[in-house]
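Everything below concerns the one structure shown next.
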Amino acid sequence: MEEDLRELRVGKLDRLRAAGIPTYPERFERTHALAEAASLPEGTGGLRVAGRLIAVRTFGKLTFAHLQDRGGRLQIALRREELPAETWQAFHDLFDRGDFVGAEGSIFRTKTGETTLAVAKLHFLGKALLPLPEKWHGLKDPELRQRRRYLDLLMSDETRERFRMRTKVLRTLRSFLDAHGFEEVETPVLQTVPSGASARPFITHHNALDIDVYLSISPETWLKRLVVGGYERVYEIARCFRNEGMDPSHLQDFTMLEFYVAYWSYEDNMRFTEKLMRHLLVEVLGKERIDWRGRVIDFSGEWPRVDMGQLLRDRAGIDLARCPTADELRGAIAAKGIKLERMDLGRGALIDALYKATVRDDLIQPCFLTGIPSDILPLARRSDRDPQLADCFQLLVNGWEIVKAYSELVDPVEQRRRFEEQETERARGDEEAMFVDEEYLLAMEHGMPPISGWGMGIDRLCALLSGSDSLRDVVFFPLLRPKGGGAGEGAGDDSGDVKDFPLSRAEAMALFDGNVKSDYLRKHCLASAAVMEAIAERFGKDRDTFWCMGLLHDLDFDRVKEPTKHTRETVEILESKGVKDERILKAILSHNEALGVERTAWLDYALSCGETVTGLVMASALVLPDKKLASLEGKSVAKRMKKKDFAKQVSREAILQCERIGLTIDEFCDLAVKALQRIAPALGL
RNA sequence: GCCCUCUUAGCUCAAUGGUAGAGCAGCGGAUUCUUAAUCCGGAGGUUGUAGGUUCGAGUCCUACAGGGGGCACCA
């Protein structure tokens, strides 16, 4: 159906071409944006405007339509009597909603008062082969809105506004910092040691250097290296990547603003934060209050400073001063009946977990949180007043940590000690603990001034300002699991990602021994298992499951001689052994063509070509002078595909299905030969 | 990773286990002031995929895929 709509539009494109109308013209000179044109006085002539055609209403000899561009809409009117016949015809027969259109003419006002362009000349500027979403309801499906954000942007004013706001936020932050003497820089995304935060990194591989590299989890240590190098006020709007769960308030690919100022403390930064946030709110929203989904968040006046220890005492009833060790704190938490997921943490991490579990969600109005334990901040300076605490604050709004800033630890000797503590944590199984960053330590040893660093989650800030409750709403293209097949293809699960076969290899072998007796069949099944495993290896699938499928796919072949029944019993046996995955069972059913179960899935083709090719490979080995698999090459097996008389009973069609799993005949024969060579003794070849 | 929930025409949505429908878009026609235009006509579907239960499945069950929400982890 979608294809019909598309075909129709492709046909219109051909007819435009046939009529000598350029279908994808190079350029179009505009005199006004649409919103500008809409505010011109009646009678203004000589206009040239352009936009996407979003609505058309025809009344016999008069047609109204709306164009939309980046900043607005304009109604245009076509009068049949005042236009060349070809123009009128072309517009109604060949233009579609969604196409790009240029129009020349003059401004008039309709009876209902809408400023409208009376079209004197039309220009075709580009075709939409696929239709726009429904004009009234727009695009509602949240999945489509994210995958095809361009349609969401086209159809929803609210979405456009949200992203405009994000752009404005970035621009305002930049200009504010620039005006305060900051310099914007960029630091590496690919790094050999992930550093600057406690998080699990994404790992990727650099081919030329043949080393694993990590995607940046934070720009922190790089920016501080720049302070060593003489930068005094430096910032980066940095993309960060953390390999952790996704939910409405976390993205795995997000944007942080971080800056570092020499000679400042975290308290200087608190004052600066207030100034910056106020400026930002006034610039972007025009006020110091945010309406967030019915909740008013007020940034005017002094923001309270709250101490974490005091919060926990007041709201969770736990006095940290009476719990100087992790054990004592654990006891106090348990005594209060508070349940934390992990209790096997150090004192600082326990305090942090306790705070997140009990009080953080209640910090709605903006406040500065201080009194944060130092041992969860390995890069922060310890407080002179209390070394268990860090010189750190967080700006909490709506229960979200919007800003985290601290006085930086600039003592390289202490920094090494703190890194080593992290190493210990890592060794104890904390995957988020930091690595020792020798390069950073080296930089530190060359000397650092007092520094205060500051970081803000841009995505969260934008969600807050735009009243969104999910960060995915303020990112154009959030990461989604790829969808199999193209539009309209309805691919379903065709990945072949079967796993967790309920039998171990040994158990499968026992089942095999109990059912498969004939020598020929035993060799066929062993060979099939080897080929299936090789296919799994080649495509990154589960090797054990594939191997077992190969071994067990013909369990009933010795007993069941009727071709229309073979594999039914096999499936029954497997089901009785706990094999539930329908994809596996269907692949086994469908490998017997006579049964009439159609092969549709990747896995079906994998099994049928995998088990069939074994016959051709083994037959090819038998005609060699030494009858040994070792001297067989994939090429020569592939050649024998064409010799119809050779091994006649082996189905060439089934083998050819290797192309449906993504292998050429040559590749596939090569893979099969190598797989069988590994088990040659068992095959007697 | 676990739990809940959703997936029906290009889009937005209907259909007590009993013949898959509507609006918009698109197609044909009427219409010189509409703006969710209106009116008439016809067309559009393997109900996400694969199995199962049933005389009969969009509806019930299972597996799988994708989305949304929650838990956990994290900013």
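Letters A, B, ... are given to chains in the order of the sequence lines, protein chains preceding strands, and every chain is numbered from 1.
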Partner of B:rG21 by Watson-Crick or G-U wobble geometry, both contacts under 3.5 Å, or none? B:rC13
According to a cutoff of under 5.5 Å between the ring centres and under 30° between the ring planes, does A:Phe59 stack with the base of B:rU32? no
Using a 4.0 Å heavy-atom cut-off, does A:Glu81 contact any base of the nucleic acid, only the sugar-phosphate backbone, or nothing at all? base
Whole-Å C1' distance, B:rU59 and B:rU16: 10 Å
Taking atom C1' in both B:rG26 and B:rC33, compute the distance separating them and give it to the nearest angstrom. 25 Å
Between B:rC13 and B:rU53, how far apart are the two P atoms, rounded to whole Å? 35 Å
Report which part of the nucleic acid A:Arg80 touches: base, sugar-phosphate, or nothing (heavy-atom distance under 4.0 Å, all strands). nothing
Between C1' of B:rG10 and CZ of A:Arg145, the distance in whole Å: 18 Å
Provide the Watson-Crick or G-U wobble partner of B:rA57, both distances under 3.5 Å; none if there is no partner. none
B:rG69 OP1/OP2 closer than 4.0 Å to side-chain N/O of A:Arg472: yes
Could you work out the separation of B:rG23 and B:rU34 based on their P atoms and round it to a whole Å? 24 Å
For A:Leu480, report the nucleic acid contact type (base, sugar-phosphate, nothing); a contact means any heavy atom under 4.0 Å. sugar-phosphate
Note: A:Lys356-A:Asp352 ion pair, threshold 4.0 Å (strictly below): yes
For B:rU7 versus B:rU49, give the span between their P atoms, rounded off to a whole number of Å. 13 Å
On a whole-Å scale, what distance lies between the C1' atoms belonging to B:rC4 and B:rG10? 31 Å
Given B:rG68, B:rG66, B:rC73, identify the nucleotide with an atom nearest to the side chain of A:Glu143. B:rG66
Give one of base, sugar-phosphate or nothing for A:Leu585, where a contact means two heavy atoms less than 4.0 Å apart. nothing
Could you check whether A:Gly138 gets within reach of a base, just the sugar-phosphate, or nothing at all, counting any heavy atom under 4.0 Å? sugar-phosphate
When rounded to the nearest Å, what value does the distance between C1' atoms of B:rA43 and B:rA57 take? 27 Å
How about A:Phe95 and A:Leu16: do any of their side-chain heavy atoms sit closer than 4.5 Å? yes
For B:rA63, give its Watson-Crick or G-U wobble partner with both distances under 3.5 Å, or none. B:rU49
Identify whether NZ of Lys or CZ of Arg in A:Arg79 sits under 6.0 Å from the centre of the six-membered ring of A:Phe108 and within 45° of that ring's axis. yes
In the strands shown, is B:rA36 matched to any nucleotide by a Watson-Crick or G-U wobble pair with both distances under 3.5 Å, and which? none
In the structure I gave you, are the side-chain heavy atoms of A:Leu461 and A:Val403 within less than 4.5 Å of one another anywhere? no
Measure CZ/A:Phe64 against P/B:rA36 and give the value in whole Å, please. 13 Å
Would you say the side chain of A:Gln75 and the base of B:rU34 hold a donor-acceptor pair, judged only by whether the two atoms sit under 3.5 Å apart? yes
Classify A:Thr116 by what it touches in the nucleic acid, base, sugar-phosphate, or nothing, heavy-atom distance under 4.0 Å. nothing
Kindly indicate whether the side chain of A:Asp141 and the base of B:rC11 share any N or O donor-acceptor pair separated by less than 3.5 Å? no
Nucleotide forming a Watson-Crick or wobble pair with B:rC2, both distances under 3.5 Å: B:rG70
Side-chain donor-acceptor pair under 3.5 Å between A:Thr273 and A:Trp454, yes or no? yes
Touch check for A:Glu114, heavy atoms < 4.0 angstrom, all strands: base, sugar-phosphate only, or nothing? base
Partner nucleotide of B:rG41 by Watson-Crick or wobble geometry (both distances under 3.5 Å): B:rC27
Please measure how far the C1' atom in B:rG67 lies from the corresponding atom in B:rA25, and state the result in whole Å. 24 Å
Less than 3.5 Å apart, any donor N or O on the side chain of A:Gln75 or A:Thr116 sitting next to an acceptor on the other? yes
Select base, sugar-phosphate, or nothing to describe what A:Lys140 touches, counting heavy atoms under 4.0 Å on all strands. sugar-phosphate
Applying side-chain contact (heavy atoms from CB on, under 4.5 Å) between A:Met308 and each of A:Leu354, A:Val359, A:Thr370, A:Leu369, report the one that passes. A:Leu369
Indicate whether OP1 or OP2 belonging to B:rG67 is found under 4.0 Å from a side-chain N or O atom of A:Arg147. yes
